[in-house]
Amino acid sequence: MVKDSGHSSAESTVFKSRRLKRPRMQGRTYTADAEPGDTVKVAGWVHEIRDLGGIAFLILRDKSGKIQVKFEKDEMDDDLVETGLGVHRESVVVVEGDVEEEPRAPTGVEVTPESVEVLADADPELPLDPSGKVDAELSTRLDNRTLDLRKDEVKAIFEIRAEVLRAVREKFRDVYATEINTPKIVATGTEGGTELFPITYFGKEAFMNQSPQLFKQLMVGSGLERVFEIGPIFRAEEHNTPRHLNEATSIDFESAFADHQEAMDVCEAVVKAAYEAVDENCQEELEALDLQDEFEAPEGDFPRLSYEEAIERINATGKLDEQLVWGDDLPTEGEKALGEDVGTHYFITDWPSEIKPFYIKDHDDDEQLSTGFDMMHPNMELVSGGQREHRYEHLVEGFEQQGLDPESFEYYTKMFKYGMPPHAGFGLGGERLIMTMLGLGNIREAVLFPRDRQRLSP
RNA sequence: GCCGACGUGGUGUAAUCCGGCGAGCAUGCGGCCCUGUCGCGGCCGUGAUCCGGGUUCGAAUCCCGGCGUCGGCGCCA
């Protein structure tokens with residue numbers, strides 16, 4: 001049988017499906033697998049009904065794509081027609097019938113139904129329109145995320161997110177890192193108590209962890225040596241921007257016997273691996289997002305600018321009202337100006353020690369200069385990392401200088417007395433990676449159920 | 001934490017400056033017609049000014065408070 005017409009045609013790509021294997025379960029055929037000549041049972045949601053009078057079409061949608069079901073009123077059983085065309089949009093139905101080649105159908109194939117069963121009727125008034133004829137605001141979409149995720153372009157974001165996480169895990173494994181999971185309920189935070197969510201833990205004060213930083217460092221001194229974690233972090237800051245979440249996904253890496261340069265190497269490799277995997281495996285999703293032409297994996301090495309060069313270049317753009325001086329943190333506006341100037345992902349290295357956290361090691365030959373680095377997308381910060389302070393006395397000193405009580409971090413510091421190797425690592429914002437990769441206007445688009453300052457449900 | 005903008009049918013918008021006829025349009029929903037739609041089409045119908053108070057002959061529109069939403073900065077991933 002010739003299969004080169006129909007659902008492999010270029011104009012019908014949105015109806016086709018992704019590369020995932022599709023097992024047949026309970027005799028069900030995914031719409032993308034329905035071939036002319038097959039007798040199938042397809043199940044999914046009623047995407048649309050187009051009633052032309054004597055003939056009518058029901059578009060059935062499932063995870064793999066869409067397929068057209070044909071109803072010819074004069075030639076088919078009245079009950080069958082009534083069931084098939086009386087159902088509301090977005091209801092769940094099972095259709096059994098024969099698949100035929102049909103050039104006039106959107107995918108080139110069409111189902112002539114023998115039976116139609118409504119498994120779950122949908123209310124006629126939907127809180128948003130999954131067929132996408134009328135846009136919904138982000139707030140409405142997030143309140144009705146289940147329906148929102150029936151749209152191809154929204155679903156695509158999360159298929160891509162899954163692919164990014166898969167590729168990132170694989171790259172970490174390639175460099176001999178072991179995936180770990182660390183506690184999210186903790187007694188003390190990483191950098192003090194100000195930005196933590198307090199909770200009650202069997203009558204004791206506890207917090208939601210803002211970063212796996214301290215735990216992953218403890219693991220480089222363990223037999224695991226080189227670890228990574230992909231997990232939630234919680235930040236209680238009351239910001240309200242399109243690039244902040246109060247619950248985010250952190251992609252963390254930490255390695256014994258590595259310095260900040262090597263940590264940057266891994267960071268760069270991981271980000272590139274994510275882009276390459278999406279480029280290779282998610283073309284359909286990119287098309288759904290209308291990014292197939294502009295999406296490209298970053299080429300070449302990410303430039304590594306020193307902090308000093310960074311502020312000089314920002315000052316040279318003339319876009320800031322006030323010139324930056326050594327010791328200033330980079331304001332958002334400055335980051336954007338620099339991003340435009342550089343034009344690709346880049347690192348900022350050699351930050352002043354005073355604006356980096358205590359666990360970052362200073363350069364041996366200059367105490368004012370830290371090994372901390374940030375990795376930037378032209379639009380925003382994605383990563384921060386550095387070589388860590390592994391010397392017990394220096395670490396305790398660092399706590400004191402930041403006004404923290406080393407006693408309350410004893411669980412952490414004491415392990416530095418029993419053979420803690422030099423080490424380095426980084427934390428990468430998972431949602432920011434997705435957001436910048438896909439050019440999403442709001443980071444909430446990259447999370448199924450975002451937690452922000454005012455949103456706690458769903 | 002500081003600052004700002006916005007809340008109109010189920011959804012998305014117009015009218016808001018400069019108060020005034022029946023709050024318009026699209027989509028949805030309901031009805032009728034239509035045998036190849038693919039944003040199907042045509043006709044008819046349906047449904048809304050966030051809440052409370054104030055100013056006014058008259059408030060979606062102006063003022064005050066509340067609630068909600070979105071954003072800018074700071075800080076960060």
Side-chain angles (χ1 to χ4, degrees), chain A residues 11-12 14-15 47-59 66-76 81 86 88-90 102-108 110 122-144 147-148 190-191 194-195 210-213 231-252 267 328-336 355-357 374-377 380-385 426-436 441-444 446-447 452-455:
Chain A
E11 66 271 16
S12 65
V14 289
F15 279 78
H47 185 69
E48 199 156 34
I49 292 172
R50 282 193 274 269
D51 189 341
L52 275 63
I55 193 169
F57 304 104
L58 182 156
I59 310 295
K66 302 187 192 80
I67 199 162
Q68 177 161 287
V69 181
K70 175 181 66 176
F71 292 90
E72 283 182 296
K73 293 175 190 172
D74 290 345
E75 294 166 30
M76 291 168 63
V81 173
H88 293 122
R89 290 153 76 229
E90 298 305 320
E102 175 50 73
R104 290 172 291 186
T107 59
E110 188 171 75
D123 199 283
E125 299 230 308
L126 301 168
L128 60 78
D129 172 22
S131 76
K133 286 179 195 162
V134 181
D135 287 340
E137 289 193 340
L138 185 57
S139 170
T140 307
R141 294 174 45 206
L142 294 176
D143 285 340
N144 302 281
L147 293 181
D148 187 42
T190 310
E191 286 140 71
T194 52
E195 46 190 23
Q210 58 156 190
S211 160
Q213 183 62 33
I233 56 170
F234 304 91
R235 309 246 162 136
E237 287 140 7
E238 295 195 47
H239 36 218
N240 192 193
T241 81
R243 61 185 185 283
H244 287 95
L245 292 164
N246 293 294
E247 178 176 352
T249 307
S250 186
I251 299 171
D252 271 88
C267 176
D328 286 344
D329 211 337
L330 266 39
T332 307
E333 211 185 338
E335 280 181 8
K336 283 186 179 146
I355 53 176
K356 282 288 169 187
D374 284 357
M375 201 274 279
M376 314 289 296
H377 177 274
M380 76 187 72
E381 182 180 342
L382 251 39
V383 172
S384 83
F426 62 84
L428 161 63
E431 284 80 14
R432 285 194 175 182
L433 177 62
I434 313 284
M435 177 190 184
T436 52
N442 194 310
I443 199 165
R444 295 166 180 90
V447 191
D452 62 32
R453 189 174 157 187
Q454 38 266 332
R455 183 172 292 275

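Not measured: the values here are computed from a predicted model. Numbered from 1 within each chain, the chains take letters A, B, ... in sequence-line order.
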Check: [X] side chain, [N] base, donor-acceptor under 3.5 Å:
| X | N | answer |
| --- | --- | --- |
| Glu110(A) | G36(B) | yes |
| Arg432(A) | C76(B) | yes |
| Glu238(A) | G1(B) | no |
| Gln454(A) | U69(B) | no |
| Arg235(A) | A77(B) | yes |

Looking only at the side chain of [X] (C-beta and beyond, no hydrogens), which of the listed nucleotides [options] gets closest?
| X | options | result |
| --- | --- | --- |
| Val134(A) | U27(B), C70(B), C76(B) | U27(B) |
| Asn442(A) | G71(B), G36(B), U27(B) | G71(B) |
| Ser384(A) | A77(B), G72(B), G12(B) | A77(B) |
| Arg104(A) | G36(B), G71(B), C75(B) | G36(B) |
| Ile55(A) | G36(B), G28(B), G71(B) | G36(B) |
| Glu75(A) | G28(B), U69(B), U35(B) | U35(B) |
| Glu137(A) | G30(B), C75(B), G12(B) | G12(B) |
| Asp51(A) | C29(B), C34(B), U37(B) | C34(B) |
| Pro106(A) | C38(B), C75(B), C70(B) | C38(B) |

Span that lies between the [atom1] atom of [M] and that of [N], in whole angstrom:
| N | M | atom1 | answer |
| --- | --- | --- | --- |
| U27(B) | A14(B) | C1' | 15 Å |
| C50(B) | G7(B) | P | 8 Å |
| G71(B) | C32(B) | P | 44 Å |
| A26(B) | G9(B) | C1' | 13 Å |
| A15(B) | C62(B) | P | 13 Å |
| C57(B) | C21(B) | C1' | 16 Å |
| C64(B) | C6(B) | P | 13 Å |
| G66(B) | C43(B) | P | 49 Å |

Report summary line: RNA chain B nearest-nucleotide lookup for Arg444(A) and Gly429(A): closer to the 5′ end is Arg444(A)

**Report entry** Which residue lies more 5' along RNA chain B, comparing Arg453(A) with Leu142(A) via nearest heavy atoms
**Finding:** Arg453(A)

Does [N] have its OP1 or OP2 closer than 4.0 Å to a side-chain nitrogen or oxygen of [X]?
| X | N | value |
| --- | --- | --- |
| Asn144(A) | U11(B) | no |
| Thr332(A) | G72(B) | no |
| Ser131(A) | G39(B) | no |
| His88(A) | G30(B) | yes |

Base paired to [N] (Watson-Crick or G-U; both N/O distances under 3.5 angstrom):
| N | value |
| --- | --- |
| C73(B) | G1(B) |
| C21(B) | none |
| C32(B) | G42(B) |
| A26(B) | U11(B) |
| C6(B) | G68(B) |

With heavy atoms under 4.0 Å as the rule, sort [X] into base, sugar-phosphate or nothing.
| X | result |
| --- | --- |
| Ala56(A) | nothing |
| Asp135(A) | sugar-phosphate |
| Glu90(A) | nothing |
| Ala248(A) | base |
| Asp74(A) | base |
| Arg141(A) | nothing |
| Lys70(A) | base |

Query raised in the report: Rounded to the nearest 0.5 Å, how far apart are OG1 of Thr107(A) and CD of Gln68(A)?
Result: 7.5 Å

Query raised in the report: Rounded to the nearest 0.5 Å, how far does CG of Leu147(A) lie from CD of Glu90(A)?
Result: 6.5 Å

Taking only Lys NZ, Arg NE, NH1 and NH2, and the carboxylate oxygens of Asp or Glu, determine whether [X] and [Y] approach each other closer than 4.0 Å.
| X | Y | value |
| --- | --- | --- |
| Glu237(A) | Arg235(A) | no |
| Asp135(A) | Arg141(A) | no |
| Lys73(A) | Glu75(A) | no |

Calculate the interatomic distance between [X] atom [atom1] and [N] atom [atom2]; express it in whole Å.
| X | N | atom1 | atom2 | value |
| --- | --- | --- | --- | --- |
| Ile59(A) | G36(B) | CD1 | P | 15 Å |
| Asp143(A) | C50(B) | CG | C1' | 15 Å |
| Leu52(A) | G41(B) | CG | P | 10 Å |
| Leu245(A) | C75(B) | CG | C1' | 15 Å |
| Lys73(A) | C32(B) | NZ | P | 10 Å |
| Arg243(A) | A77(B) | CZ | P | 13 Å |
| Met380(A) | C75(B) | CE | C1' | 15 Å |
| Glu72(A) | G36(B) | CD | P | 10 Å |

Query raised in the report: How far apart are the closest heavy atoms of Ser139(A) and Arg455(A), and which atoms are they?
Result: O-NH2, 3.5 Å

**Report entry** Heavy-atom pair of closest approach, residues Gln454(A) and Asn240(A)
**Finding:** NE2-ND2, 3.4 Å

Query raised in the report: Between Ser131(A) and Glu48(A), does any side-chain donor sit less than 3.5 Å from a side-chain acceptor?
Result: no

Query raised in the report: Can you find a pair of side-chain heavy atoms, one from Lys70(A) and one from Ile55(A), that are under 4.5 Å apart?
Result: yes

Query raised in the report: Taking C-beta and beyond as the side chain, do Glu431(A) and Thr436(A) meet within less than 4.5 Å on heavy atoms?
Result: no

